[in-house]
Protein chains: 2
Amino acid sequence: MAFFSSDIRTIDDLFVNTLRDIYYAEKQILEALPEMIGKAGSRPLRRVLQAHLKEGRDHLKRLEQVFRLHGAKPKHVECPAIDGLLEEAIDIDGKMPNKRVIDSALIAAAHAIENFEIARYRTLVAWAKELGRDDCASVLQQILEDETAIDRKLGVVSGSKSR
Amino acid sequence: MAFFSSDIRTIDDLFVNTLRDIYYAEKQILEALPEMIGKAGSRPLRRVLQAHLKEGRDHLKRLEQVFRLHGAKPKHVECPAIDGLLEEAIDIDGKMPNKRVIDSALIAAAHAIENFEIARYRTLVAWAKELGRDDCASVLQQILEDETAIDRKLGVVSGSKSR
């Protein structure tokens, strides 16, 4: 099963399946972040990635809350998009001598990951509202705002390196 | 070779490699869009996807211009992120009876693709400026603005379906 599977018939099916897709994505991001933090050369970048890690754990709990509110099981579905995005971050060679190049590559990879999450949460908020689930929409909106804030902080970190 | 490869040593290497990554991504998107257009049920969505297809062809030419300005060869590097994102769009079953569900899934997939492109072009504009290549930054900024406009149009289309 992935983002779109053969048993999807309604917006509700699409909503639940996409919740499972981002639930998987958030878990994969949590697994990848410690390696990204380990490669980061600058303290401000490490701090932003550490904040992302901390918030990611909280987002998993909030997603479980949305599953409960909606009466759906918190399962995973495959998400080849996040697998591809994380492959980029993992591929960055943390042992090369030029730490500025490593940090620039890490920031670029992290921006792409954040933008993916932002696209998903925007979609989920819209579908929750369409389904009349303002309770779910409200929780998802909070996560969306956290992700947007992390993306802004990444921009500040890259700016502080005169990018 | 992918987003980060073993021969990257400088921001210039990173810039050229990421140009090649988005050059590959734009070509893959151009290949996938006719299938997405074929599945779209509503005319406004088809129009936005058709505009994306038209602009995508133009973006390839502008990327080739950036390669020329920077004295680099317009080659491809693998981009597992766009491969994963397009897999989602291709997986959407265009034969299911509920066209509204198909369109909602297509809009969600297209938003994720646009957000990926926006992240890449923002990064490329920043790196071009860091390298003192305002000529390249200017062309990349124009593409970034087109991508942002397409993303906004997708939002309008989804809004017109009361999402």
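Proteins come first, then strands; the chains are lettered A, B, ... in the order of their sequence lines, and each starts at number 1. Any value given below was found using the heavy atoms of this structure, including those in side chains, with hydrogens, waters and symmetry copies removed.
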Interchain contact, A:Leu14 with chain B, by part (heavy-atom threshold 4.5 Å): side chain

For chain B, which candidate among A:Leu85, A:Asp93, A:Ile92, A:Leu86 shows the most heavy-atom pairs at distances under 4.5 Å? A:Ile92

Charged N-O contact under 4.0 Å between B:Arg122 and A:Glu114: no

Could you check whether atom NZ of A:Lys54 has more than 12 heavy atoms from other residues, nucleotides or ligands sitting under 6.0 Å from it? no

Side chain, backbone, both or neither: which part of A:Glu88 has an atom under 4.5 Å from a heavy atom of chain B? both

Identify whether A:Leu124 and A:Leu69 are in the same connected component of the hydrophobic contact network (ILVMFWY, side-chain heavy atoms under 4.5 Å). yes

Are B:Ile11 and A:Ser104 close enough that some pair of their side-chain heavy atoms sits under 4.5 Å apart? yes

Is there a donor-acceptor pair closer than 3.5 Å between any side-chain N or O of A:Asn98 and the backbone N or O of B:Thr10? no

For a quick test of reading the model, state the closest non-hydrogen atom pair linking B:Ala119 to A:Ala112 and the distance between them. CB-CA, 3.8 Å

Interatomic distance, B:His111 atom NE2 to A:Asn115 atom CG [nearest 0.5 angstrom]: 12.5 Å

Provide the closest heavy-atom pair for A:Trp127 versus B:Ala105 in the form atom of the first, atom of the second, distance. CZ2-N, 4.4 Å

